[in-house]
Amino acid sequence: MSQNELRLTDSNGNGATNTSTAPVSAIPDPEVRPKAKRRQFSADYKRRILQEADACTEHGQLGALLRREGLYSSHLHTWRQEQTRGALAALAPKRRGPKLDPQAEELARLRRENERLQQRLDQAETIIEVQKKLSQLLGVPPALTPKDEVA
């Protein structure tokens, strides 16, 4: 038996050889589960399902609709509550997690901008100091600024 063949035993202990050439490592690890994704429904889909659910009159039609769409009755209950509270706006998907404060965002943005401008100011002052020292070493008189000309 080659390394790529898989040896299986039945319940009697008889060894049966699987002659497939699939490597043994192709068997998925039972401990690793794929990450579940949260389903999101569009407002149009919710509206359409609610209309179909309201049109169900015979016994079993609503259950068949829910099974066909892979939904739970709690979905309908929640969507109906949202619809009565705010019509179309309530049917739109909602962001999960903490709500962001617009003033805090603006404050953080202004602080970052202030820090960036402070660094540029420090750099400009360093350049000016170097230019002054260089002009003193070379004996070149500093350029007159408009403030110096008036005095």
**Item:** Heavy-atom closest pair, residues Cys56 and Leu65
**Value:** SG-CD2, 4.4 Å

**Request:** Let me see the working for Thr78 and Tyr72 under side-chain contact (heavy atoms from CB on, under 4.5 Å), right down to the final yes or no.
**Result:** CA-CA 10 Å; Thr78 305; Tyr72 297 98; over 6 Å; no

**Message:** If the threshold is 4.0 Å, N to carboxylate O, is there a salt bridge linking Arg48 and Glu52?
**Reply:**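 Looking at Glu52 together with Arg48, the answer is yes, because their closest N to O distance falls below 4.0 Å.
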
In Å and rounded to the nearest 0.5 Å, what is the [atom1] to [atom2] distance from [X] to [Y]?
X      : Y      : atom1 : atom2 : answer
Lys46  : Arg80  : NZ    : CZ    : 14.0 Å
Leu62  : Leu66  : CG    : CG    : 4.5 Å
Trp79  : Thr84  : CH2   : OG1   : 15.0 Å
Glu125 : Glu129 : CD    : CD    : 8.0 Å
Gln81  : Leu76  : CD    : CG    : 11.5 Å
Ile49  : Phe41  : CD1   : CZ    : 9.0 Å

**Request:** For Arg68, look at atom CZ and say whether over 12 heavy atoms of other residues, nucleotides or ligands are found less than 6.0 Å away.
**Result:**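 Buried by this count: over 12 neighbours within 6.0 Å.
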
**Prompt:** Got a sec: does the CD of Glu105 have more than 12 other heavy atoms crowding it under 6.0 Å?
**Reply:** yes

**Message:** For Glu69 and His75: C-alpha separation, side-chain torsions, deciding distance, then whether side-chain contact (heavy atoms from CB on, under 4.5 Å) applies.
**Reply:** CA-CA 11 Å; Glu69 297 294 331; His75 284 119; over 6 Å; no

**Message:** Let's go through Arg111 and Glu115 carefully: what are the C-alpha distance in whole Å and the side-chain angles of both, what is the deciding distance for salt bridge (charged side-chain N to carboxylate O under 4.0 Å, His left out) to 0.1 Å, and is it a yes or a no?
**Reply:** CA-CA 6 Å; Arg111 284 184 178 167; Glu115 171 110 7; over 6 Å; no

**Request:** Output all residues satisfying side-chain hydrogen bond (donor to acceptor under 3.5 Å, both in side chains) with Asp101, sequence neighbours left out; order by chain, then residue number.
**Result:** none

**side chain to side chain contact (heavy atoms under 4.5 Å, CB included) partners for Gln118, two or more places apart** =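 Only Leu121, Asp122 meet the side chain to side chain contact (heavy atoms under 4.5 Å, CB included) criterion with Gln118.
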
**Request:** Take Leu138 and Leu134 through the test side-chain contact (heavy atoms from CB on, under 4.5 Å) and record every step on the way to the result.
**Result:** CA-CA 6 Å; Leu138 295 176; Leu134 184 62; 4.0 Å; yes

**Message:** Could you check whether any side-chain N or O of Gln119 sits under 3.5 Å from a backbone N or O of Arg116, counting only pairs where one atom can act as donor and the other as acceptor?
**Reply:** no

**Residues in salt bridge (Lys or Arg N to Asp or Glu O under 4.0 Å) contact with Arg109, at least two apart in sequence or another chain** =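 Partners of Arg109 by the salt bridge (Lys or Arg N to Asp or Glu O under 4.0 Å) criterion, ordered by chain and then number, come out as Glu106, Glu113.
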
